[in-house]
Amino acid sequence: MDDQPNQAAGPQRIMELSSGLWASKALSTALELDIFGDLAAHPGSTTTDLARRLDLPPRPARSLLIACAALGLVDRNGERCFNTALSDQYLIRSRPTYFGGWVEMVDKHDYQGWMELKTALIENRPTCWDPDQNSSLFDNGDPVMLESFWEAMTAVSTITARELGPWIDLTRSHALLDIGGGGAAWDIELCRMNPHLRATVFDLAHVCRLTEDKIARAGFGDRINTVVGDFFADSELPGGFDTVLLSSILHDWGDVDCCRLLRKCFSALPPNGKIVISELLINDSEDGPLDAALMGLAMQVETWGRGFTASELTRWLIDIGFADVEVIRISAPAANAGVVARKP
């Protein structure tokens, strides 16, 4: 981190780290109050204007707008306020590039578990949900999960698919199975890039119901469908696919379960079939990058998983029987690499 010239040093750096929650809550609260949507509809509004429309007292409205300006989300021109390019593109609900689902999910779902991080570490069990009541984060009808988690996954997956998709050669792929692909964001983007491709989302029943609506709204009902299943409970994965996709799936599970799922993928694929894995990978030196390191720590409060390195994933794939393992480095919110391998 010492090579970042604009980064604070000494006690100021410690204060920045310890007050990270302040910035996140400022963002999530501004989003919940729809400050960015209001400014999009009324650019150049004053603090008084916004406070009146949002039914906020002047003092807190001023404080929140100042914080948003300091965070690069609001531009000030004297008394008048405008969205920045960042907030205008990603924090307006009507935009196709809306990324607020991720912000809402972190705020409503994740923080409760993060407040119990010490407990999660000591007891080696998730704190975002009760392992005594459910078998995983994904098997319940929690309204917060249904309302925000899948919207968040769609937001990050769409951008990641657009970054990684062009680097994946699917010219000889015709049928793709997206394992745990709720939301179908990857399938929609890959089908746009590859007109010959058809895709199937394999996920839990309540996730498939949510996904079918997204597929229909994207206009891909004739090329993307869903199949209900559980990739651990079912004895095998659906057959008839020449490509399988695991996007941000493996980090949710322990090593034994990861290898068990990879073996099922291997069995389901025909000779020369392809596996595509999208993940935030930790450096082989295990000292970063920061987003992957914190995602790995997030798994302590959310799942039974962890972060892993490209070397670890490559070894798992080769041990299972895959060949020609390729690691493609990218920069995206949900992944810094795509790992592609072939079944001989």
Expected output: side-chain Asp252 to main-chain Thr303 donor-acceptor under 3.5 Å: no
Would Ile35 end up clustered with Ile66 when hydrophobic side chains under 4.5 Å apart are linked, directly or stepwise? no
With heavy-atom distances below 4.5 Å as the criterion, would you say the side chains of Arg125 and Asp130 are in contact? yes
Arg223 side chain to Leu197 main-chain N or O, any donor-acceptor pair under 3.5 Å? yes
Specify the closest pair of heavy atoms between Gly183 and Lys214, including all atoms of both residues, with the distance to one decimal. O-CD, 3.6 Å
Joint hydrophobic cluster, Leu21 plus Val103, side-chain heavy atoms closer than 4.5 Å: yes
Any side-chain to backbone donor/acceptor pair from Asn336 onto Leu281? Under 3.5 Å, distance only. yes
Is it true that atom CZ of Arg217 has more than 12 heavy atoms of other residues, nucleotides or ligands lying nearer than 6.0 Å? yes
Mind checking whether Leu56 and Leu50 have side chains closer than 4.5 Å, heavy atoms only? no
Non-hydrogen side-chain atoms of Leu33 and Leu64 separated by less than 4.5 Å: yes
Is any side-chain N of the basic residue among Arg93 and Glu104 closer than 4.0 Å to the acidic one's carboxylate O? yes
Heavy-atom donor-acceptor pair, Asn283 side chain to Ser285 backbone, under 3.5 Å: no
Once rounded to the nearest 0.5 Å, what's the spacing between atom CD of Glu326 and atom CH2 of Trp167? 10.0 Å
Pairwise side-chain contact, Asn272 with Asp242, heavy-atom cut-off 4.5 Å (strictly under): no
Taking the six-membered ring for Trp, are Phe266 and Phe322 parallel (under 30°), tilted (30 to 60°) or perpendicular (over 60°)? perpendicular
Shared hydrophobic cluster for Phe241 and Val340 (ILVMFWY, side-chain gaps under 4.5 Å): no
Taking the side chain as C-beta and beyond, is there a heavy-atom pair between Phe231 and Asp203 under 4.5 Å? no
Are Trp22 and Leu71 close enough, and set up right, to give a side chain to side chain contact (heavy atoms under 4.5 Å, CB included), and what steps lead you there? CA-CA 11 Å; Trp22 301 357; Leu71 289 169; over 6 Å; no
Are more than 12 heavy atoms from other residues, nucleotides or ligands located less than 6.0 Å from atom CZ of Arg95? yes
Compare all side-chain heavy atoms of Arg192 with those of Arg162 and state whether any distance is below 4.5 angstrom. yes
Ignoring hydrogens and angles, tell me if any N or O in the side chain of Asn194 forms a donor-acceptor pair with the backbone of His196 under 3.5 Å. no
How many angstroms lie between atom CG of Asp107 and atom NZ of Lys25, to the nearest 0.5 angstrom? 3.5 Å
Please give me the minimum heavy-atom distance between Trp186 and Asp178, naming the atom from each residue. CB-OD2, 4.0 Å
Taking all atoms of both residues into account, what is the closest heavy-atom pair of Ala185 and Ser157, and its distance? CB-CB, 3.7 Å
Spacing of Ile320 atom CD1 and Ile275 atom CD1 [to the nearest 0.5 Å]: 8.0 Å
Shortest non-hydrogen contact from Ala152 toward Gly101: CB-O, 3.3 Å
Evaluate the criterion side chain to side chain contact (heavy atoms under 4.5 Å, CB included) for residue pair Tyr90 and Ile159; output intermediate values, then yes/no. CA-CA 11 Å; Tyr90 296 112; Ile159 295 174; 4.3 Å; yes
Interatomic spacing from CD1 in Ile188 to CD1 in Ile224 - rounded to 0.5 Å: 5.0 Å
Quick one: do the Thr200 and Asn225 side chains pair a donor with an acceptor below 3.5 Å? yes
Check each of Arg80, Arg53, Arg52 against Ser45 using the side chain to side chain donor-acceptor pair (under 3.5 Å) test, and report the only one that passes. Arg53
Do Ile14 and Leu294 land in one hydrophobic cluster if side-chain heavy atoms of ILVMFWY residues count as linked below 4.5 Å? no
Can you measure from CD1 (Ile179) to CZ (Phe202) and round to the nearest 0.5 angstrom? 7.5 Å
Quick check: does any side chain N or O of Lys264 sit under 3.5 Å from a backbone N or O of Asp234, one acting as donor and the other as acceptor? yes
Main-chain N/O of Arg342 paired with Asp324 side-chain donor or acceptor, under 3.5 Å: no
Would you say Leu261 and Leu280 are hydrophobically clustered, going by side-chain heavy atoms of ILVMFWY under 4.5 Å? yes
Answer yes or no: is there a donor N or O on one side and an acceptor on the other, between the side chain of Glu279 and the main chain of His251, under 3.5 Å? yes
Evaluate the criterion side chain to side chain donor-acceptor pair (under 3.5 Å) for residue pair Glu79 and Thr46; output intermediate values, then yes/no. CA-CA 5 Å; Glu79 290 293 315; Thr46 66; over 6 Å; no
Would a distance-only check, ignoring hydrogens and angles, find a side-chain to backbone donor-acceptor pair under 3.5 Å from Glu163 to Ile330? no
Does the pair Trp316 and Asp255 meet the rule for a side chain to side chain contact (heavy atoms under 4.5 Å, CB included), with working shown? CA-CA 9 Å; Trp316 291 344; Asp255 294 13; 3.8 Å; yes
Taking every non-hydrogen atom, the tightest pair across Thr160 and Ser278: CG2-OG, 3.7 Å
Do Thr48 and Pro58 come within less than 4.5 Å of each other through their side chains, counting heavy atoms only? no
What are the two closest non-hydrogen atoms of Val74 and Cys81, and how far apart are they? CG1-CB, 4.0 Å
Rounded to the nearest 0.5 Å, what's the gap from CG on Leu245 to CG on Asp187? Could you check? 7.0 Å
Using modelled atom types and a 3.5 Å cut-off, is there a donor and acceptor pairing between side-chain atoms of Thr47 and backbone atoms of Arg62? no
Determine, stepwise, if the pair Ser248 / Met295 fulfils side chain to side chain contact (heavy atoms under 4.5 Å, CB included). CA-CA 11 Å; Ser248 299; Met295 182 65 78; over 6 Å; no
With a 4.5 Å cut-off on side-chain heavy atoms, are Asp110 and Glu302 touching? yes
